[in-house]
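Step one of this worksheet: look at the structure below.
Just so it is clear: chains get the letters A, B, ... in the order the sequence lines come, proteins before strands, and each one is counted from 1.
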Amino acid sequence: MASSEGLTSNEYMQHHLQNLVYGKLPVGYERADGHIVEQAEWTFAHSPKEAVDMGFWAFNVDTLGWSIFLGLIFSFVFWRVAKKASTGVPTGLTNFIELCVDFVNTNVKEIFHAKNEVIAPLSLTIFCWVVLMNTMDLVPVDWLPLLAQTISGDPHLYFKVVPTTDPNITFGMSIGIFMLIIYYSIKMKGLGGFLGELTLHPFSSNNLFVKIMFMPFNFLLEGVSLIAKPISLALRLFGNLYAGELIFLLIAMLGWYQLPLHFVWAVFHILIVLLQAFVFMMLTIVYLSMAHEHH
Amino acid sequence: MNFNATLIGQTIAFAVFVIFCMKFVWPFLLQAMEERETRIADGLAAAEKGQLALTEAEAKKSEMLEESKQQAAEIISQGQKRHDELVEAAKDDARTEKEKILVAAQAEIDQERTQTREQLRSEVATLALSAAEQILMREVDRNAHNDVLTKISAEL
């Protein structure tokens with residue numbers, strides 16, 4: 001593949017790992033082809049440097065698009081099945097969907113003991129959505145980019161297919177979960193209780209002065225462990241899938257040898273696809289369960 | 001690692017999908033599944049109950065079978081007895097009848113014998129008389145010797 005497109009392997013890798021970014025370029029910006037931007041404009045980035053220079057207010061159209069598309073597929077399929085759900089004998093797709101629901105429900109019930117209407121559907125959404133996003137990794141790495149390049153008519157179009165190999169996507173989800181953690185911590189324990197949890201543990205004393213002295217240290221420790229939750233959640237998923245994608249890319253550069261190797265790695269990757277989605281879901285449940293518990 | 005507004009977009013999409021799932025997917029699926037679970041549990045309980053009833057009926061059946069077997073045996077033995085009795089009675093009847101017939105026959109024979117004897121006697125008397133008449137070669141005067149003749153007749 002790499003040789004047929006006249007790219008070095010390094011360029012091939014970089015091209016595959018670059019998102020299709022849509023953002024605003026300022027006046028006077030010199031684009032990749034040497035063209036100077038005369039009027040501030042929203043456009044697609046033509047080089048990794050342009051993508052970075054677009055700053056925060058830019059969108060990874062490819063990964064975000066796939067992510068939303070897969071989310072819609074999940075929502076639509078489950079909604080269709082839920083609408084038809086009956087107490088009769090389930091068949092085919094209904095059976096499979098109910099298997100997923102039952103699997104998630106069992107895990108939630110095992111870990112999460114407080115009463116909460118959100119946690120179970122949240123877990124189901126996370127699990128199914130992440131599985132779908134991870135599964136995009138099993139599509140041969142060049143197919144969808146080639147398709148996109150053919151449709152758009154731009155042979156150099158950046159197109160990253162697997163949403164979970166984009167840290168924006170994984171962090172986007174973990175930030176949502178982080179907000180829920182804080183929301184439920186405050187809701188269940190009150191603001192004082194939440195702050196107390198952050199500042200009065202793990203070091204505590206009966207002496208008020210010593211207690212106050214310990215506060216900064218406690219806050220540092222607890223704060224780090226609180227912040228570490230969404231970061232580890234997002235980085236774990238991103239790291240696993242990004243590494244998997246890299247290996248797929250390396251295999252794709254081997255010419256005909258890629259066929260058996262791709263198969264072997266894809267089979268192994270199925271495990272990662274499911275396992276990482278499961279881990280993401282389980283940790284979400286655990287974190288939210290911790291947010292509900294009093295110390 | 002290039003962070004941009006995709007982060008916000010994904011967070012919003014995440015929230016929307018979760019809320020959709022919470023409102024339109026999860027409750028319906030779970031409700032249907034729980035209802036089915038109850039139905040299955042009820043069905044299983046009913047099946048168990050049926051099984052129990054079946055065992056009971058089975059026991060009752062064998063009990064009744066035993067009882068009817070006993071009754072049948074009783075009826076058969078009663079029949080046997082009755083049969084024997086009937087045969088005995090018939091034999092008795094036959095015996096009585098036989099005796100009756102025998103007695104009647106005997107009586108008839110006796111009567112016939114007596115009759116025959118009477119007849120023979122009178123014939124013998126007649127023969128004797130005629131013999132006597134021939135021996136004497138003369139008419140016996142019946143009127144004169146009537147008392148003698150009657151006496152001889154009686155003796156014969």
Please set out all donor-acceptor pairs under 3.5 angstrom arising from side-chain atoms of residues 11-20 of chain B, sequence neighbours excluded.
residue, atom, partner, partner atom, Å
B:T11, OG1, A:G172, O, 2.9
B:T11, OG1, B:L7, O, 2.7

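- Not a single donor-acceptor pair under 3.5 Å links the side chain of B:R36 to the backbone N or O of A:V89.
- Contacts with chain B were tallied for A:I169, A:V118, A:L64; A:I169 has the most, counting heavy-atom pairs under 4.5 Å.
- Within the 4.5 Å cutoff, the side chain of A:W79 has no heavy atoms near those of the B:C21 side chain.
- Shown are A:F59, A:F171, A:W57; of these, the ring pair (Phe, Tyr, Trp, His ring centres under 6.0 Å) with B:F3 is made only by A:F171.
- Looking at every heavy atom in both residues, B:M22 comes nearest to A:E117 through CG-O, 3.9 Å.
- Only the backbone of A:S86 comes within less than 4.5 Å of a heavy atom in chain B; its side chain stays farther off.
- One distance of note links CD1 of A:I68 with CD of B:Q10; it measures 7.0 Å at 0.5 Å rounding.
- A distance of 10.0 Å separates OG1 of A:T87 from CD of B:Q31, quoted to the nearest 0.5 Å.
- With a 4.5 Å cut-off on non-hydrogen atoms, B:M33 touches chain A through its side chain but not through its backbone.
- For A:F74, the part lying near chain B is the side chain, with the backbone staying farther off; criterion is any non-hydrogen pair under 4.5 Å.
- For A:W42, the ring pair (Phe, Tyr, Trp, His ring centres under 6.0 Å) criterion is met by A:Y22, not counting sequence neighbours.
- Contact of B:I8 with chain A is made through the side chain alone, with heavy-atom distances under 4.5 Å.
- With rounding to the nearest 0.5 Å, the separation of NZ in A:K83 from CG in B:L29 is 13.0 Å.
- With a threshold of 4.5 angstrom between heavy atoms, A:L17 does not approach chain B through any atom at all.
- Proximity to chain B (any heavy atom under 4.5 Å) is shown, for A:M54, by neither the backbone nor the side chain.
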Cut-off 3.5 Å, no hydrogens considered: what does the side-chain donor-acceptor table look like for residues 119-126 of chain A, sequence neighbours left out?
residue, atom, partner, partner atom, Å
A:S123, OG, A:I119, O, 2.7
A:T125, OG1, A:P121, O, 2.7

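- For a heavy-atom cut-off of 4.5 Å, chain A lies close to no residue in residues 52-61 of chain B.
- A:N168 places a side-chain N or O within 3.5 Å of a backbone atom of B:N4 that can act as its donor or acceptor partner.
- The closest side-chain heavy-atom distance from B:F28 to A:V81 is not below 4.5 Å.
- Of the atoms belonging to A:D166, it is side-chain heavy atoms, and not backbone ones, that fall under 4.5 Å from chain B.
- Counting heavy atoms from C-beta outward, B:T6 and A:F56 have side chains that stay 4.5 Å or more apart.
- With chain B as partner, the option from A:L72, A:T170, A:L180, A:V61 having the largest number of non-hydrogen pairs under 4.5 angstrom is A:L72.
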